[in-house]
Amino acid sequence: MPAPRHWLVKSEPDFFSFADLMAAPGRRTMWDGVRNHQAKLFLRDGMSLGDGVLFYHSNAEPPGVAGLARVASETYADPTQFDPASPYFDPKAKPEAPTWFLRDIEAVEALATFVPLATLKSSTKLSGMLLLQKGSRLSVTPVTAPEWREVLRLGGLKAR
DNA sequence: GCCAACGTTGGC
DNA sequence: GCCAACGTTGGC
């Protein structure tokens with residue numbers, strides 16, 4: 001698979017919003033807690049340092065894309081899998097052979113206008129977007145270059 | 001709060 | 001390996 005240059009990650013804004021990322025030290029955070037193997041593979045093997053990331057608010061009113069981020073680290077083991085106090089603790093994970101991996105994500109900028117899910121759905125250019133496919137629940141998905149450009153256009157940003 | 005669509009678990 | 005039961009996601 002040729003490496004996609006763009007991704008979409010979901011976050012519940014009540015838990016961690018794009019504004020929270022902008023306000024974080026260095027405007028960055030560990031994208032921890034991913035506990036789905038397909039999403040893990042995208043994080044560990046699919047992403048490259050500097051790839052563009054659409055930051056999507058799920059379980060929100062309304063749901064939609066709030067901002068742009070970038071992949072800000074190489075992959076490394078998600079430390080929460082080894083922390084019994086963490087909700088993401090995985091008793092089967094072994095430090096010598098970690099199960100779960102992550103990347104750091106760094107905020108770039110908010111979209112000029114939030115792009116609600118309904119707007120994404122109304123764009124024929126986004127009809128193939130993985131996020132919009134029936135039954136799609138992955139929290140990390142690849143985004144094609146045309147999809148990326150279209151979301152930026154809808155969000156009122158020039159292509160970058 | 002409802003529920004469709006998935007993923008995971010565990011008995012067998 | 002099958003599959004029913006259960007848990008989770010996430011839009012509405």
Side-chain angles (χ1 to χ4, degrees), chain A residues 1 4 6-24 29-47 51-71 75-105 107-108 110-144 146-148 150-157:
Chain A
M1 177 179 82
H6 306 289
W7 306 88
L8 179 145
V9 300
K10 297 179 184 175
S11 185
E12 302 199 15
D14 288 348
F15 179 73
F16 192 83
S17 69
F18 186 72
D20 292 330
L21 182 61
M22 291 287 279
T29 192
M30 290 192 305
W31 205 249
D32 60 15
V34 170
R35 292 295 180 269
N36 170 282
H37 287 287
Q38 200 172 344
K40 173 197 74 175
L41 291 174
F42 285 141
L43 281 171
R44 190 188 68 184
D45 304 335
M47 286 181 172
D51 283 358
V53 175
L54 299 173
F55 195 106
Y56 178 85
H57 285 174
S58 61
N59 266 322
E61 187 50 53
V65 178
L68 305 185
R70 70 165 65 96
V71 175
T75 190
Y76 58 101
D78 182 341
T80 63
Q81 69 194 304
F82 308 122
D83 177 4
S86 169
Y88 304 127
F89 177 60
D90 181 348
K92 289 184 283 191
K94 300 196 173 59
E96 64 274 19
T99 304
W100 306 108
F101 291 82
L102 53 65
R103 300 265 182 165
D104 292 351
I105 298 290
V108 175
L111 294 184
T113 53
F114 181 87
V115 181
L117 176 59
T119 302
L120 297 173
K121 286 180 173 175
S122 70
S123 169
T124 56
K125 291 181 179 175
L126 300 179
S127 60
M129 202 174 180
L130 281 178
L131 172 78
L132 304 180
Q133 304 312 303
K134 182 181 175 69
S136 171
R137 296 193 319 191
L138 271 184
S139 63
V140 180
T141 51
V143 171
T144 68
E147 289 164 356
W148 171 267
E150 175 67 355
V151 173
L152 264 57
R153 187 187 70 78
L154 293 170
L157 295 186

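Letters A, B, ... are given to chains in the order of the sequence lines, protein chains preceding strands, and every chain is numbered from 1. Values in this document were obtained by computation on a predicted structure and should not be read as measured data.
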> Between A/Arg35 and A/Thr80, is there a side-chain donor-acceptor contact under 3.5 Å, judged purely by atom types and distance?
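Result is yes, a qualifying pair exists.
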> Find the distance A/Lys10:NZ to C/dG10:C1' and express it as a whole number of Å.
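Value for this atom pair: 7 Å.
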> A/Glu61 has an atom CD; how far is it from atom C1' of C/dC12, in whole Å?
9 Å
> Choosing from C/dG11, B/dT9, C/dG7, which nucleotide comes nearest the side chain of A/Arg137?
C/dG7
> Nearest to the side chain of A/Pro63 - B/dT9, C/dG10, C/dG11?
C/dG11
> Would you kindly give the CG-to-P distance between A/Asn59 and C/dC12, to the nearest whole Å?
11 Å
> Does a side-chain N or O of A/Lys134 approach OP1 or OP2 of C/dT9 to a distance below 4.0 Å, or not?
no
> In this structure, how many angstroms lie between the C1' atom of B/dG10 and the NZ atom of A/Lys92, rounded?
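These atoms are roughly 11 Å apart.
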> What is the separation between atom NE2 on A/His57 and atom P on C/dT9, rounded to the nearest whole Å?
17 Å
> Does a nitrogen or oxygen in the side chain of A/Tyr56 sit under 4.0 Å from OP1 or OP2 of C/dT9?
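No, because none of the side-chain N or O atoms of A/Tyr56 sits under 4.0 Å from OP1 or OP2 of C/dT9.
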> Do the rings of A/Trp7 and A/Phe42 sit parallel, tilted or perpendicular, given the 30° and 60° boundaries?
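A/Trp7 and A/Phe42: tilted rings.
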> Figure out the CE/P separation between A/Met129 and C/dG11, and round it to whole Å.
13 Å
> Whole angstroms only, please: what is the CG-P distance between A/Asn36 and B/dC6?
13 Å
> Can you check whether A/Ser17's main-chain N or O pairs, donor with acceptor, with A/Asp20's side chain at less than 3.5 Å?
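Yes, the answer is positive, given that a donor and an acceptor are paired below the 3.5 Å cut-off.
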> Between P on C/dG10 and CZ on A/Phe15, what's the gap in Å once rounded to a whole number?
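In whole Å, C/dG10 P and A/Phe15 CZ are 13 Å from each other.
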> Side chains of A/Asp104 and A/Tyr76 only: does a donor on one sit below 3.5 Å from an acceptor on the other?
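Judged by distance alone, the side chains do pair up.
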